[in-house]
Amino acid sequence: MDKKKDKDTLPDIKDMTTCEATAQMLEKARRDGVEVNFDRAATMKACPIGADSACCKHCAMGPCRLNSKDPYGKVGVCGATIDTIMARNFGRMIAAGGAAHTDHGMVMLDIFREVISGKITEYEIKDTDKLYSVAESVGIETDGKTVEEIAKELYAELERTYTQVEGEIPFAKRVPPKTLETWRKLGIVPRGAMREIMEMMHRTHMGVDQDYKNITTQCSRTALSDGWGGSMVATEISDILFGTPVPVATEVNMGVLKENEVNIIVHGHEPNLFESMIASVNSPTLIEAAKAAGAAGINLVGMCCSGLEVISRHGIPHAGNFSSTEPVLVTGAVDALAVDIQCIQQGLVKVAKCYDTYMFTTNPRCKIEGADHLEFHEDKPLDTTDEIVIKAISRFKNRRYPVEIPKVKNPSIHGFSYEYINYMLGGSFRGSYAPLNDNIINGRIRGVAGVVGCTNPRVKQDYSHVELVKELIKNDVLVLQTGCSQVALAKAGLLTPEAAYLAGDGLREVCETVGMPPVLGLGACVDNSRILIAASEMVKVGGLGESIADLPVAGCAPEYMSEKAICIGQYFVASGVFTVFGVTFPIVEDTAFHKYLFEGLEKEGLGKWGFAKDPHEMARMMIDHIDKKRKALGIDKARERKLVDMAERRELA
Ligand code: NFS
Ligand code: SF4
């Protein structure tokens with residue numbers, strides 16, 4: 001194990017996290033002399049120039065550092081201004097974040113193609129209803145065609161999301177006409193994700209695009225090719241292959257680990273690895289082997305977005321969000337950790353070694369020095385996943401360290417897909433978003449907020465997520481969630497119908513009538529696309545304006561850390577949503593580029609960015625925005641509730 005850290009130099013653990021289980025493991029890590037992410041965040045001071053994005057290293061005449069206190073006092077060697085430098089950096093973050101989601105989506109599409117062609121036989125088309133509805137949404141005629149024919153056509157159509165060089169991506173067909181019209185006017189309808197990302201990288205090369213507004217245009221176009229492209233394809237194809245989520249109750253936090261069982265954690269993003277892990281841990285031979293090793297069984301749990309993919313579809317328990325991935329290993333109870341792609345901290349390897357935990361990378365895109373690489377192949381997935389289980393069993397048998405599992409876990413409900421919300425509100429015969437719109441118009445629900453994104457060890461884990469969401473529901477704002485934020489609220493117990501008591505009177509009444517939680521978990525980060533589809537549907541149903549920008553909605557990533565989050569933020573903004581970020585914003589305030597993102601884009605008919613460090617301030621900004629939109633729609637004064645009496649009821653019948 002590591003040399004003992006001087007405990008006095010590290011901050012108080014209660015300032016690092018509000019998650020009890022994580023705090024307990026941070027204590028233990030200090031006792032064990034093991035360094036984790038939170039310690040590194042405390043000792044690695046963030047570079048202030050980098051934090052403001054006031055430096056450029058795009059060529060060897062630099063790197064050039066500008067002064068964020070006097071942003072217009074200097075330019076780069078090439079003459080690049082602060083606005084150019086910040087916009088270029090912002091654009092590259094979007095390109096990287098968008099590439100991550102779209103590459104993930106493309107892999108889902110690869111699997112879909114190989115399933116249709118019969119090359120992959122371990123997976124199948126599980127949800128044909130979804131296949132039909134997605135196909136119809138992009139204009140494919142389904143009448144009189146076989147499932148296979150429709151699937152082939154859908155594949156060909158969706159491939160354009162990535163490879164198309166000219167025209168509009170297929171899911172542009174789902175965008176409300178008025179929003180699409182704005183995009184066309186601004187020239188930001190994505191062609192294909194590959195083209196947009198390539199152009200973003202080209203334009204931000206030394207000596208190309210040096211007009212921050214023009215760079216921002218490509219930022220929007222690239223980000224939209226993720227939200228309405230790569231991410232949306234990832235979600236839709238995953239639903240078709242693995243099933244569209246419906247609500248399912250399960251438990252969340254480290255207490256889902258079991259001392260007397262072989263514990264395996266899957267962490268990453270793509271559902272395929274996890275789906276096959278589920279098959280492996282249910283194999284009678286492997287269960288037998290686990291028992292022979294003295295275990296009561298095999299316990300498979302998820303973390304981060306991988307965990308959210310399967311919590312929604314199978315109710316698999318979830319051990320925690322991004323900031324807890326290293327601390328969970330400190331339990332000593334994890335026999336194997338299998339990872340695929342994204343948000344996998346290199347620091348995991350060292351912590352895993354400290355506790356003898358097997359750590360396996362499985363994806364050719366993500367090898368990590370010191371981790372065992374066991375490549376996962378979709379045509380023979382069980383070869384890999386069985387091997388992971390076998391290794392985990394051997395580690396269980398030879399556990400050398402005392403196990404300490406925090407006794408903390410919370411019941412919660414997940415799996416509110418766009419489709420289920422439709423059904424939940426309207427019933428199976430008249431599934432519709434009309435009841436949602438009605439309740440917004442009559443003021444019981446003030447508006448809708450998407451609260452999403454990472455946790456970041458630079459701030460107190462989960463604190464902002466939970467405080468923000470509590471404040472929103474108290475003010476009758478219905479909250480939709482994905483990603484690590486959803487896990488934070490599940491741990492805090494708000495993803496249950498019982499949490500409705502924390503909501504304002506109006507929202508509580510709706511929740512109690514429908515039997516739903518005031519905070520709805522929609523899934524992984526790529527499932528932010530479900531929020532976009534829900535927003536489009538709200539526009540389509542009517543009564544709340546003609547474009548997404550008219551809706552009384554707002555978004556927030558209060559503890560973001562990744563470039564993916566920046567890309568998500570930009571595609572929400574470009575879709576018309578006011579989007580607030582926390583922690584830090586990678587732009588110098590009081591600059592033209594800052595003003596453009598935080599005010600200018602809204603004037604062009606899009607949404608806008610916001611920033612706040614304090615969750616109550618975030619809530620205030622979001623609620624103010626929702627109220628502003630309500631006023632513009634003329635629904636600011638909640639309508640008198642009309643109680644229908646018996647005579648009227650009979651008349652209606
Ligand atoms: Ni999304 Fe952040 Fe990572 Fe998932 Fe969690 S950290 S941007 S929520 S696991 S991607
Ligand atoms: Fe400096 Fe310009 Fe080169 Fe950037 S592109 S490093 S600002 S000279």
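Every heavy atom of this structure was used, including side-chain atoms; hydrogens, water molecules and symmetry mates were not. In what follows, residues are counted from 1 in the order of the sequence shown. Whatever order the structure lists them in is the order used to number ligands and atoms, beginning at 1.
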Would you say [Y] and [X] are linked by a side-chain donor-acceptor pair, where the criterion is simply a distance under 3.5 Å?
X    : Y    : result
E559 : Q461 : no
T482 : Q486 : no
E275 : H314 : yes

Exercise for the section: Taking the side chain as every heavy atom from C-beta outward, state whether M232 and L532 have any atom pair closer than 4.5 Å. Expected result: yes
Problem - Parallel, tilted or perpendicular: ring planes of Y420 versus F416, cut at 30 and 60 degrees - result: perpendicular
Practice task
Please work out which of the three classes, parallel, tilted or perpendicular, describes the rings of F598 and H594, given edges at 30° and 60°.
Solution key: parallel
Handout entry: Charged tip of K608 within 45° of F578 ring normal and under 6.0 Å
Key = yes
Practice task
Look at ligand 1 and say whether H269 reaches it with a heavy atom at a distance under 4.0 Å.
Solution key: yes
Practice task
Would you list the protein N, O or S atoms within less than 2.8 Å of atom 1 (Ni) of ligand 1, leaving out water?
Solution key: C525 SG
Practice task
Would you check, one step at a time, whether the test salt bridge (Lys or Arg N to Asp or Glu O under 4.0 Å) holds for D226 with K564?
Solution key: CA-CA 10 Å; D226 170 4; K564 287 181 290 175; over 6 Å; no
Exercise for the section: Test N456 against Y560 for side chain to side chain contact (heavy atoms under 4.5 Å, CB included), laying out the working first. Expected result: CA-CA 6 Å; N456 182 330; Y560 99 96; over 6 Å; no
Handout entry: Under 2.8 Å from atom 4 (Fe) of ligand 2 - protein N/O/S, by chain and number
Key = C56 SG
Exercise for the section: Work out which heavy atom in A87 is nearest to a heavy atom in C219; give both atom names and the distance. Expected result: O-SG, 4.5 Å
Exercise for the section: Give the numbers and elements of all ligand 1 atoms closer than 4.0 Å to a heavy atom of M561. Expected result: 6 (S)
